[in-house]
Amino acid sequence: AELILDVDGDTSITADTDDQIDFKAGGSDIATINASGLGLGTTSPSAQLHIQGSDITDQVLIENTNSGAETAPDLTLFRNSSSPADSDTLANIIFRGKNDANEDINYFEVTGVIADASDGSEDTQVEFATKSAGSNATVMTFKSDKVGIGESSPDTLLHVKKASSGSETAFTNSVITLENDTDCRLQFLSGNSNVGEIMFGDGNLNRQGRLSYDHSSDAMKFETTNAEAMRINSAGALLHGKTTAGSSIQGIELAAPNGDLAVTRTSELPLLVNRLGDDGNLVLFRQASSTEGSITVSGSTVSYNGFTGT
């Protein structure tokens with residue numbers, strides 16, 4: 001049977017195939033309905049709705065012209081189960097393609113899951129899975145109010161996991177967790193003349209403290225109350241209270257690699273040695289690990305002792 005809809009006869013509805021209805025426009029098949037479903041662009045649908053095309057324009061377009069602030073248009077995937085339970089899959093969005101053996105492969109999947117179906121305490125889980133070396137790999141999970149990368153049950157707001165470190169969980173009030181079964185590193189890559197920083201702030205100032213590495217001078221800097229307190233320079237010297245090495249500059253300098261210590265003050269006391277317990281040595285002088293002299297205290301008497309070695 002055929003119903004002709006225009007003058008030249010190229011737009012019609014036909015039922016010349018058993019259990020199938022075909023819709024044509026301009027002589028081209030537009031839609032087919034059979035026992036398998038509705039096909040748009042295909043006469044052999046393999047799903048309840050099967051859309052097929054070879055152009056690169058929009059194949060599915062949902063348009064809403066409401067000018068208000070309402071949420072529209074909407075695309076809803078509804079799992080209308082009569083017995084919902086924890087871990088039920090709600091829906092899948094699958095990105096499928098061919099491999100070089102002409103096999104159908106699900107390269108990327110987004111899965112919605114009921115984490116907790118209890119009335120009043122419902123929780124959601126959304127999983128993002130990719131193909132890795134031919135196997136499925138869940139690379140990211142949204143669970144309740146947390147995000148896990150490589151972790152399906154994140155401990156903190158963001159939990160990045162390469163491999164399990166064991167049964168221990170993240171410390172209370174931790175916001176970000178990095179986990180591995182061997183060494184675990186946080187990498188900062190900056191420009192050759194720029195700075196990589198960890199900043200510590202509070203309600204008064206967003207940079208009260210900083211730990212930074214300055215690539216322009218190859219110096220590791222430590223800041224408190226928004227001011228530099230200490231640094232390790234490119235030679236490995238530890239500088240406290242100053243930014244430039246040199247025994248004539250006020251501050252404390254522990255030089256590397258020899259371990260020279262310079263304590264410099266413009267005025268006032270540069271060095272304080274305080275023994276709180278009983279009488280005894282205040283300072284020992286050694287050569288080749290052998291004691292050669294000392295400064296000792298006994299009551300109110302300070303003694304400067306010369307050679308004591310052998």
Side-chain angles (χ1 to χ4, degrees), residues 35-38 45-51 58-97 104-186 198 200-203 206:
S36 296
L38 169 62
S46 56
Q48 290 170 293
L49 174 61
H50 186 164
I51 302 173
D58 297 334
Q59 288 186 281
V60 178
L61 176 63
I62 303 174
E63 182 175 353
N64 186 286
T65 60
N66 185 290
S67 60
E70 292 80 7
T71 59
D74 300 321
L75 177 62
T76 302
L77 306 178
F78 181 25
R79 175 72 180 270
N80 190 10
S81 172
S82 61
S83 56
D86 298 354
S87 300
D88 278 359
T89 297
L90 290 170
N92 294 305
I93 300 175
I94 299 173
F95 296 76
R96 181 177 295 161
D104 292 345
I105 301 296
N106 295 344
Y107 282 98
F108 181 62
E109 299 181 40
V110 181
T111 303
V113 178
I114 298 176
D116 187 349
S118 303
D119 184 22
S121 61
E122 296 88 349
D123 281 326
T124 307
Q125 182 166 320
V126 180
E127 300 171 349
F128 295 81
T130 64
K131 272 283 188 277
S132 177
S135 300
N136 293 330
T138 300
V139 295
M140 185 163 60
T141 300
F142 291 86
K143 188 171 185 179
S144 302
D145 58 349
K146 300 179 178 67
V147 179
I149 299 178
E151 172 56 57
S152 59
S153 297
D155 291 339
T156 50
L157 291 178
L158 177 60
H159 189 160
V160 182
K161 177 179 176 181
K162 184 177 181 181
S164 176
S165 61
S167 59
E168 191 65 31
T169 58
F171 190 74
T172 304
N173 292 331
S174 297
V175 177
I176 298 175
T177 300
L178 306 178
E179 183 176 1
N180 195 16
D181 60 346
T182 57
D183 297 337
C184 191
R185 297 182 175 92
L186 178 63
I198 299 176
F200 304 88
D202 55 30
N206 59 12

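Computed from a predicted structure; not experimentally measured. Each residue takes its place number in the sequence, starting with 1.
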With rounding to the nearest 0.5 Å, note down the distance linking CD1 in Ile176 to CG in Leu186. 8.5 Å
Student check: side-chain heavy atoms of Leu90 and Leu77 closer than 4.5 Å: no
Starting at NZ of Lys161, measure out to CD1 of Ile149 and round the result to the nearest 0.5 Å. 13.5 Å
Could you check if a side-chain atom of Asn173 sits within less than 4.5 angstrom of a side-chain atom of Phe171, using non-hydrogen atoms only? no
What class does the angle between the rings of Phe108 and Phe95 fall in, given that below 30° is parallel, 30 to 60° is tilted and above 60° is perpendicular? tilted
With the side chain counted from C-beta on, respond yes when Arg96 and Asn106 share a heavy-atom pair under 4.5 Å apart, and no when they do not. yes
Smallest heavy-atom separation, His50 atom then Pro45 atom, equals ND1-CA, 3.5 Å
Given side chain to side chain donor-acceptor pair (under 3.5 Å), test Ser174 with Thr156 step by step and report yes or no. CA-CA 6 Å; Ser174 297; Thr156 50; over 6 Å; no
For the student: nearest non-hydrogen atoms of Leu157 and Asp145, plus distance: CD2-O, 3.5 Å
Between CD of Glu151 and OG of Ser164, what distance do you get to the nearest 0.5 Å? 8.0 Å
Exercise: identify the closest heavy-atom pair between Asp86 and Ala117: OD1-N, 2.7 Å
Nearest-0.5 Å distance, OG of residue Ser121 to CG of residue Asp116: 4.0 Å
Examine distances only and state if a side-chain atom of Glu109 and a backbone atom of Tyr107 form a donor-acceptor pair shorter than 3.5 Å. no
Work out which heavy atom in Asn64 is nearest to a heavy atom in Ala72; give both atom names and the distance. ND2-CB, 3.5 Å
Out of curiosity, Ile114 CD1 to Asp123 CG, how far, rounded to the nearest 0.5 Å? 11.0 Å
Qualifying residue, where the test is side-chain hydrogen bond (donor to acceptor under 3.5 Å, both in side chains) with His159 and the options are Lys143, Lys146, Glu179: Glu179
Show, in sequence, the C-alpha distance, side-chain angles and deciding distance for Thr111 and Asn92, and conclude whether the side chain to side chain donor-acceptor pair (under 3.5 Å) test is met. CA-CA 5 Å; Thr111 303; Asn92 294 305; 2.8 Å; yes
To check you understand the geometry: which heavy-atom pair defines the closest contact between Asn180 and Ser165, and what is its length? O-CB, 3.4 Å
Can you tell me if Thr76 and Asp74 form a side-chain donor-acceptor pair at under 3.5 Å? no
Thr89 (side chain) donor-acceptor with Ala91 (main chain) under 3.5 angstrom: no
State, to 0.1 Å, how close Ala170 and Thr177 come at their nearest heavy-atom pair, and which atoms those are. CB-OG1, 3.3 Å
Please report the interatomic distance NZ(Lys162) to CG(Asp181), rounded to the nearest 0.5 Å. 8.0 Å
Would Lys131 and Asn136 satisfy side chain to side chain donor-acceptor pair (under 3.5 Å), going step by step from the backbone distance to the final call? CA-CA 5 Å; Lys131 272 283 188 277; Asn136 293 330; 2.3 Å; yes
